[in-house]
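Here is how names work: the chains are called A, B, and so on, in the same order as the sequence lines, proteins then strands, and each is numbered from 1.
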Protein chains: 2
Amino acid sequence: MAEETLPEQIARQLRRDILRGKLPPGTTIKERDNAAELGVSRTPMREAIRILAQEGLVILRPARSPIVAQPSIKEISDQVEVLIALEKLSLELACKNASDSEINDLTATLDYMDKNFESADPLDMFEVDMGFHHALAVMSHNDVIAELHQTLLERLWRARYMAARRRRNRERVIVQHGAIVDALRARDRAAALIAIEAHLGHLDRDIRNVLAQEAEAALVTK
Amino acid sequence: MAEETLPEQIARQLRRDILRGKLPPGTTIKERDNAAELGVSRTPMREAIRILAQEGLVILRPARSPIVAQPSIKEISDQVEVLIALEKLSLELACKNASDSEINDLTATLDYMDKNFESADPLDMFEVDMGFHHALAVMSHNDVIAELHQTLLERLWRARYMAARRRRNRERVIVQHGAIVDALRARDRAAALIAIEAHLGHLDRDIRNVLAQEAEAALVTK
DNA sequence: CAATCATTTTTGGTATACCAAATTCAAAAA
DNA sequence: TTTTTGAATTTGGTATACCAAAAATGATTG
C-alpha cells in the first residue's frame, strides 16, 4: 500500500492534469464534480485543492470555485529569478558542505546523461536534468534551500520543460554540468559561480521567449 | 464583517498561542478538543492546522495527532541563512527597481523608529523593524521574494524577537538602517550590500546564542 | 509479578448532510 | 425589446456521522 495519503494522491493527479495541459488555465475546479469523478468525497478533494493552491497551481477565490492558475510572464520570471539565486547560493554552500560521496554521485548522474543524452526519451532526460539541479540544492546541506528549490522546480516545471525542448543541445547540458561538478570537486566557489551563471544565464530569457510565443499562439487561435 | 475566513482566524489564534509560548513545542493538537474549545467544528480546525503545518509551526504525522513543532537549532539556522540571502537579493534588486516614493516611505519609517525608539513598547518597535525589512523585500518588485520573505519572517518570529530583546541598541538599528536607505537612494548596490551585511552579520550568531541558552534553561528545569 | 493478548477508547481520515452566499435564468413590467 | 426582480440552482463553507487504525487499558496466563 502507498505511503501517500489520499489528498496527496488526488493532488498529484490534478497536478499532472494541470501541468500536462489537460486542465488549461482558467478552468474551474468544482469540489463536487471533481470529487465525484475520482470517486472520493469532497473532504479529501478539498484538501488536495488547498495543496495545489499552496503550490500556486490553482487560485482560491472566496465563495467561488477555485480556478487553474494562469501565471503571468512576470510571475514566472520572478520565480526564475529566485530559482537562479537559490542555485547560486546552493552551489556556494555546497562547495563548503557537500561530502565527497555526494559529489561522486553527481558525477555518476553526469555520466548517465552523457551516455544517454541522444537516445533517451526527452522527458526522461529532462527529469534527470531537474534531478541534477536539485541534487545541488540538497548538497548545500540546508534543508530550507532544498525545500524551496523543490517547490520552485515544481512550479516552473511546465515552463522549463518547454524551454528545454526548444534549446536541447548536448554542449549546453553536458559540458556546463561538467564544469559545475569540476568546480565543486575543487571546492572553488568562484569557479562554481561562473559555471552556474554560464549554465543558467539564458534560462530566464529562454523561458520568456517560449511563454511569449505561446501567448501569441493562443491569441491567434481565438 | 471580517474578510478573513474562519480557518484563517483559527490559524491566527493558534499561531499566536504557539509563538507566544502558550502551546509549547511538543504539545499535541487534537482536532476534536481544539475545535470544541473554540466552538467550531473539526472541518475548519483541520484546515487551520494544515495552514500552520505549511508554515512549519506544527508537524503532521500520519494517523497521529499533529504536534507543535520544535525547530532544531539547525533548522532555525538554515532559515536565517536563507532569510539573509533573500534580503541581500532584495536589496540588490531594489537598487534597480524601487521607486523614489517607496524609498521615501522607508525614510518615514526610519524617522518614526528614530523618534520612538526608547519610548515605544519593545514589541511594537520589533514589529516596525520587521516591517522595515519586509518593505525592502517588497521593493525588489519580485512578488516571489516578498512572499518567501514574509513566510520566513513569520517562522522566525519567535527566535528573532528573543534575539532582538537581548541586543536592543539604538546604534545597531537606526544607524545601520540609515546606511541601507542611503545606499538605496544612491542606487549603489555595492554600498547597499555592505550595509545590509553589517546589519545582519550577527543575526545568525545572536539567534544561535539565544536558542542555546534557552535549550540549556529547559534542561535545568527538568 | 511480569508479559502478552484481547478489548475498549481515542483519534485522525472520510463521507455526507445542511446552510448560506452567489449565480443564473425566466418571467413580468416598463 | 430591455430591464428588473425573484425564485431555483449551483457551489463553497461548515457541522456531523461513521470508519479504521492506533493507543491505552486491563485481564489472563506464564
Subject >> Touch class at under 4.0 angstrom, heavy-atom based, for B/I29 against every strand present >> reply: sugar-phosphate
Subject >> Nucleotide D/dG13, atom P - distance to CD of B/Q9 in whole Å >> reply: 14 Å
**OP:** Take the protein atom CZ of B/R46 and the nucleotide atom C1' of C/dT11, then report the distance between them rounded to whole Å.
**Re:** 11 Å
**OP:** Assign B/I49 to base, sugar-phosphate, or nothing according to its heavy-atom contacts below 4.0 angstrom with the strands shown.
**Re:** nothing
Original post:
Whole-Å distance between D/dA23 P and B/I67 CD1?
Top reply: 13 Å
Original post:
Does any donor atom in the side chain of B/D129 or B/H177 lie under 3.5 Å from an acceptor atom in the other side chain?
Top reply: yes
**OP:** Starting at atom CG of B/L38, determine the distance to atom P of D/dT14, rounded to an integer number of angstrom.
**Re:** 13 Å
**OP:** Send over the distance from A/I10 CD1 to C/dG13 P, rounded to a whole Å.
**Re:** 13 Å
Original post:
B/S65 near the nucleic acid: base, sugar-phosphate alone, or nothing, with a heavy-atom cut-off under 4.0 Å?
Top reply: sugar-phosphate
Original post:
Can any side-chain N or O of B/N142 pair as donor or acceptor with the backbone N or O of A/D78 at less than 3.5 Å?
Top reply: yes
Original post:
Are OP1 or OP2 of D/dG13 and a side-chain N or O of B/R42 less than 4.0 angstrom apart?
Top reply: no
**OP:** Would you confirm whether B/N97, through its side chain, and B/S140, through its main-chain N or O, come within 3.5 Å as a donor-acceptor pair?
**Re:** yes
**OP:** Compare side-chain N and O positions of B/R32 against OP1 and OP2 of D/dA17 and report whether any pair is under 4.0 Å apart.
**Re:** no
Original post:
Counting only distance, no hydrogens or angles, is the base of C/dG12 paired donor-acceptor with the side chain of B/R61 under 3.5 Å?
Top reply: no
**OP:** Give a yes/no on whether any side-chain N or O of A/S41 is located under 4.0 angstrom from OP1 or OP2 of C/dT14.
**Re:** no
Subject >> Side-chain N,O (B/R64) to OP1/OP2 (C/dT10) below 4.0 Å >> reply: no
Original post:
A/E8 has an atom CD; how far is it from atom P of C/dT14, in whole Å?
Top reply: 10 Å
Original post:
CG of A/L86 to CG of B/L148: how many Å apart, nearest 0.5 Å?
Top reply: 7.5 Å
Subject >> Interatomic distance, B/N34 CG vs D/dA15 P [rounded to whole Å] >> reply: 15 Å
Original post:
In whole angstrom, what separates B/E31's CD from C/dG13's P?
Top reply: 6 Å
Original post:
With a 3.5 Å cut-off and no angle check, do the side chains of A/H149 and A/E154 form a donor-acceptor pair?
Top reply: no
